[in-house]
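To start, the structure itself, in structure tokens.
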Amino acid sequence: MSKYFSAKYAALTPYVPGEQPKDAQYVKLNTNESPFAPPQSVIDAARLEAGKLHLYSDPESAALTKKAAEVWGVKKSQILMTNGSDEALNFAFMAFCDENHPIAFPDITYGFYPVFAALNGIPYETIPLRADFSVGYEDYLAIGKNIVIANPNAPTGMALSLVQIEEIVKSNPSNVVIIDEAYVDFGGESCVPLIEKYNNLLVTQTFSKSRSLAGARLGVAIGNEKLIADLNTVKYSTNPYNVNRMTAAAGLAILGETEWFENNRKAICENREYTTAALKELGFTVLDSKTNFLFAKSDKVKGKALYEGLKAKGVLIRHFNTARIADYVRITIGTKEQMDVFLAKTKEIIEEAAK
Ligand code: PMP
């Protein structure tokens, strides 16, 4: 830390992203990206925009916003495009939370929430997941605090039902409830239709997972138009050109690739079921995932040993060395071929451990 670093950030512990190795070739199952490269139409659209990079992007991302509003079935005033959904979440923390408006979220969830809170000087309460790792939705009823819940949750992969989400939103009318639907396309129920009924619901989604654009950084916030106007106030006070030209073009193109999208999310769900069954045969406990990753625990090898063993064999997965989940690993669902490599190496590690 330099002597110039602001005291307000002195205690900040930044978010640690999953490894993005530059040296060796890995089967990369550690950051919940899509294993499928975007289709040619997306590459062509981004390339075309590259020739206009001397000009600022459209601060309103008008063409993309119009198309996204159609896809999500909302008005243009109810949607905001952002630089990844991380930015939408940070905008929401900035816009709706402060020392008098704290936020609550599960103790085991997306690791960025406490960082956004700390960054913005927001007090937060963590509510423990139940013993089976589900979000105890009753714990969020009428709590009189802002709330953020990843649904499906990460890194567990488990989801709440739409009815349970509605109960939470309905019972906290004086607070904003943010539902982070980064993984909803892999089997969760989206609560976007509820935004018409509840003016305190904000939903975020991402193009990083089911739409294969993690590297482009594109996210979306959907909610009542007054909430979106507030997010715009924050956006225009930080980074008006938050979505760059190439990303806006890529995003517009991918939203037109309906069949490609459906095929890919179906493939991920199939590979997930295939991997779940194979892991259970190897003696793993596997949580019920509605996402593009699995959260699983071996009855023979500790989480850290499995992570390290797989890394040595060229397969990257994620291990969180924190209370309650240290025995687990998180495995992103890739192609069938990638999952076969992962399963074969996992089997080797288990056999080596038994010797
Ligand atoms: N929410 C959750 C639960 C996530 O796991 C992620 C991905 N790390 C994000 C939000 C942010 O994704 P992005 O910024 O790529 O849209």
Side-chain angles (χ1 to χ4, degrees), residues 14-20 28-35 38 61 64 68 72 79-94 103 105-117 119 126 129 133 135 147-160 165 177-188 190-191 202-222 231 235 238-239 242-244 247-248 250-251 254-255 268 287 289-295 316-320 322 325 328-333:
Y15 177 71
V16 182
E19 293 158 273
Q20 299 288 0
K28 201 171 169 303
L29 306 176
N30 69 327
T31 47
N32 297 344
E33 291 141 326
S34 171
S61 301
L64 172 62
W72 273 279
I79 193 161
L80 175 69
M81 309 311 297
T82 56
N83 191 316
S85 59
D86 280 338
E87 186 183 57
L89 291 163
N90 190 34
F91 283 173
F93 274 69
M94 290 171 79
I103 190 157
F105 47 83
D107 62 340
I108 297 168
T109 189
Y110 185 32
F112 227 134
Y113 303 152
V115 180
F116 290 137
L119 177 71
T126 56
L129 293 184
F133 289 114
V135 173
I147 294 168
V148 60
I149 293 177
N151 193 45
N153 196 15
T156 62
M158 295 168 76
L160 289 177
I165 293 290
V177 178
I178 305 162
I179 302 298
D180 173 352
E181 294 188 346
Y183 299 103
V184 76
D185 292 330
F186 304 104
S190 175
C191 64
L202 187 79
V203 188
T204 60
Q205 288 193 18
T206 181
F207 285 60
S208 298
K209 320 291 176 185
S210 57
R211 292 190 164 83
S212 293
L213 289 183
R217 312 305 302 124
L218 188 60
V220 58
I222 304 167
L231 295 185
K235 169 187 137 156
T238 49
N239 188 10
N242 63 336
V243 177
N244 75 69
T247 295
I254 202 80
L255 289 178
I268 294 294
L287 301 191
S289 171
K290 298 277 189 275
T291 62
N292 67 339
F293 57 84
L294 294 174
F295 205 50
L316 275 186
I317 59 168
R318 191 114 196 233
H319 174 249
F320 300 92
T322 47
I325 56 170
Y328 282 77
V329 290
R330 192 194 69 189
I331 308 129
T332 302
I333 301 299

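Whatever order the structure lists them in is the order used to number ligands and atoms, beginning at 1. Count residues from 1 along the sequence.
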Just jot down the ligand 1 atoms closer than 4.0 angstrom to any heavy atom of [X], in number order.
| X | result |
| --- | --- |
| Lys209 | 7 (C), 8 (N) |
| Gly84 | 14 (O), 16 (O) |
| Arg217 | 13 (P), 14 (O), 15 (O) |
| Thr206 | 13 (P), 15 (O), 16 (O) |

Glu87 to ligand 1, any heavy atom closer than 4.0 Å: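 It does not, in that no heavy atom of Glu87 comes within the 4.0 Å cut-off of ligand 1.
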Ligand 1 contact by Tyr183, heavy-atom criterion under 4.0 angstrom: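 Contact check Tyr183 vs ligand 1: positive.
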Asp86 and Tyr15: CA distance, side-chain angles, deciding distance, side chain to side chain donor-acceptor pair (under 3.5 Å) verdict: CA-CA 11 Å; Asp86 280 338; Tyr15 177 71; over 6 Å; no
Atom 8 (N) of ligand 1 [closest protein heavy-atom partner, distance rounded to 0.1 Å]: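 Checking every protein heavy atom, the shortest distance to atom 8 (N) of ligand 1 gives Tyr110 OH, 3.3 Å.
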Protein residue, atom and distance nearest to atom 1 (N) of ligand 1, heavy-atom basis: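 Checked against all protein heavy atoms, atom 1 (N) of ligand 1 sits closest to Asp180 OD2, 2.6 Å.
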side-chain contact (heavy atoms from CB on, under 4.5 Å) against Ile325, all qualifying residues, sequence neighbours excluded: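 Here the qualifying residues are Ile108, Phe133, Pro155, Phe295, Phe320, Thr322.
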Any residue meeting side-chain contact (heavy atoms from CB on, under 4.5 Å) with Thr82, in chain and number order, not counting sequence neighbours: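 Thr82 satisfies side-chain contact (heavy atoms from CB on, under 4.5 Å) with Leu80, Glu87, Ala88, Phe91, Asn242 only.
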Of the non-hydrogen atoms in [X] and [Y], which two are nearest, and what is the gap between them?
| X | Y | value |
| --- | --- | --- |
| Asn32 | Lys209 | O-CD, 3.0 Å |
| Leu231 | Ala221 | CD1-CB, 3.7 Å |
| His319 | Tyr328 | CD2-O, 3.2 Å |

Ile149/Ile178 under side-chain contact (heavy atoms from CB on, under 4.5 Å): CA gap, chis, key distance, verdict: CA-CA 6 Å; Ile149 293 177; Ile178 305 162; over 6 Å; no
Asp86 contact mode with ligand 1 (heavy-atom cut-off under 4.0 Å):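 Both backbone and side chain of Asp86 come within 4.0 Å of ligand 1.
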Residue portion contacting ligand 1 (non-hydrogen atoms closer than 4.0 Å) for Ser85: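 It is both parts that get close, each with some atom under 4.0 Å.
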From the candidates Gly219, Ser208, Pro152, Gly215, the one that places a heavy atom nearest atom 15 (O) of ligand 1: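 The residue whose heavy atom sits nearest atom 15 (O) of ligand 1 is Ser208.
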Among Tyr113, Phe112, Tyr110, the one residue meeting ring-ring contact (aromatic ring centres under 6.0 Å, His included) with Phe105: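 Testing Phe105 for a ring-ring contact (aromatic ring centres under 6.0 Å, His included) against Tyr113, Phe112, Tyr110 leaves exactly one candidate, Tyr113.
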Polar proximity ligand 1 side, Tyr113 side, N/O cut 3.5 Å exclusive: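 Tyr113 vs ligand 1: no N/O contact under 3.5 Å.
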